[in-house]
Amino acid sequence: QVQLDESGGGLVQAGGSLRLSCAASGRNFSGYLMGWFRQAPGKEREFVAAIIRGGGITYYADSVKGRFTISEDNAKSTIDLQMNSLKPEDTADYYCAVKIRPTSYVLPRSYHYWGQGTQVTVSS
């Protein structure tokens with residue numbers, strides 16, 4: 001059974017940093033696309049970043065380019081999202097998700113598995 005577990009959320013002041021981690025289990029995800037999405041209250045879920053597991057290819061939303069970095073931690077078998085220069089508008093629940101093919105990676109409905117989410121709050 002596939003399971004995605006996010007961790008690392010919390011409260012941080014604007015300009016600060018947080019590192020989110022997603023631990024995926026249940027199958028070999030090599031070659032799969034693993035993504036991070038976020039959803040703020042009253043808003044739709046939006047794409048943040050994605051990486052092809054084992055391939056190193058990354059994708060970012062324009063709103064986070066230059067501030068967020070997605071990476072693999074092979075020692076911990078996690079997909080991490082390093083978030084720097086955080087802004088109040090980054091406040092949201094952040095979700096890890098997995099899909100087989102790297103197409104349509106910005107569309108939440110194209111992903112097959114989802115984690116439960118971790119909350120990020122950025123105070124001004």
If you look at every heavy atom in [X] and [Y], which pair is closest and at what distance?
X	Y	value
Leu4	Ala97	CD1-CA, 3.8 Å
Leu107	Ser110	O-OG, 2.7 Å
Arg38	Ala92	CB-CB, 3.8 Å
Ser124	Pro88	CB-CG, 3.8 Å
Gly117	Glu6	N-OE1, 2.9 Å
Glu72	Gly54	OE2-N, 2.9 Å

Yes or no on side-chain contact (heavy atoms from CB on, under 4.5 Å) for Val2 and Phe29, after CA distance, side-chain angles and deciding distance?
-> CA-CA 10 Å; Val2 173; Phe29 292 100; 3.7 Å; yes
Spatial distance of atom CD (Glu46) from atom OG (Ser63) [nearest 0.5 Å] |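 Between Glu46 CD and Ser63 OG, I get 5.5 Å after rounding to 0.5 Å.
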Lys65 NZ/CZ over Tyr60 ring centroid, <6.0 Å and within 45° of normal | no
Considering the options Thr69, Ile51, Ile52, which one meets the side chain to side chain contact (heavy atoms under 4.5 Å, CB included) requirement together with Thr58?
->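 With Thr58 as partner, Thr69, Ile51, Ile52 yield a single side chain to side chain contact (heavy atoms under 4.5 Å, CB included), made by Ile51.
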Out of Leu18, Asp90, Leu20, Asn84, which residue meets the side chain to side chain contact (heavy atoms under 4.5 Å, CB included) rule with Phe68?
-> Asp90
Over 12 foreign heavy atoms within 6.0 Å of CD, Gln116 | no
Is it true that a side-chain atom of [X] and a backbone atom of [Y] form a donor plus acceptor pair closer than 3.5 Å?
X	Y	answer
Thr121	Leu11	no
Tyr111	Met34	no
Lys87	Thr91	no

For the ring pair Tyr94 and Phe37, is the centre-to-centre distance below 6.0 Å?
->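 Judged by ring-centre distance (under 6.0 Å), Tyr94 and Phe37 do not meet the cut-off.
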Could you check Ile100 against His112 for side-chain contact (heavy atoms from CB on, under 4.5 Å), going step by step and ending with a plain yes or no?
-> CA-CA 8 Å; Ile100 296 174; His112 308 298; 3.7 Å; yes
Whether Trp114 and Tyr95 hold their rings parallel, tilted or perpendicular, with breakpoints at 30° and 60° = perpendicular
Taking it one step at a time, do Tyr113 and Gln3 satisfy side-chain contact (heavy atoms from CB on, under 4.5 Å)?
-> CA-CA 8 Å; Tyr113 304 102; Gln3 187 167 336; over 6 Å; no
Are Thr78 and Asp80 linked by a side-chain donor-acceptor pair shorter than 3.5 Å?
-> yes
Would you kindly say whether Tyr32 and Arg101 are connected by a side-chain donor-acceptor distance under 3.5 Å?
->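 Result is no, nothing qualifies.
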Lys/Arg N to Asp/Glu carboxylate O, Asp93 vs Arg45, below 4.0 Å | no
Taking it one step at a time, do Tyr59 and Val106 satisfy side-chain contact (heavy atoms from CB on, under 4.5 Å)?
-> CA-CA 9 Å; Tyr59 308 90; Val106 301; over 6 Å; no
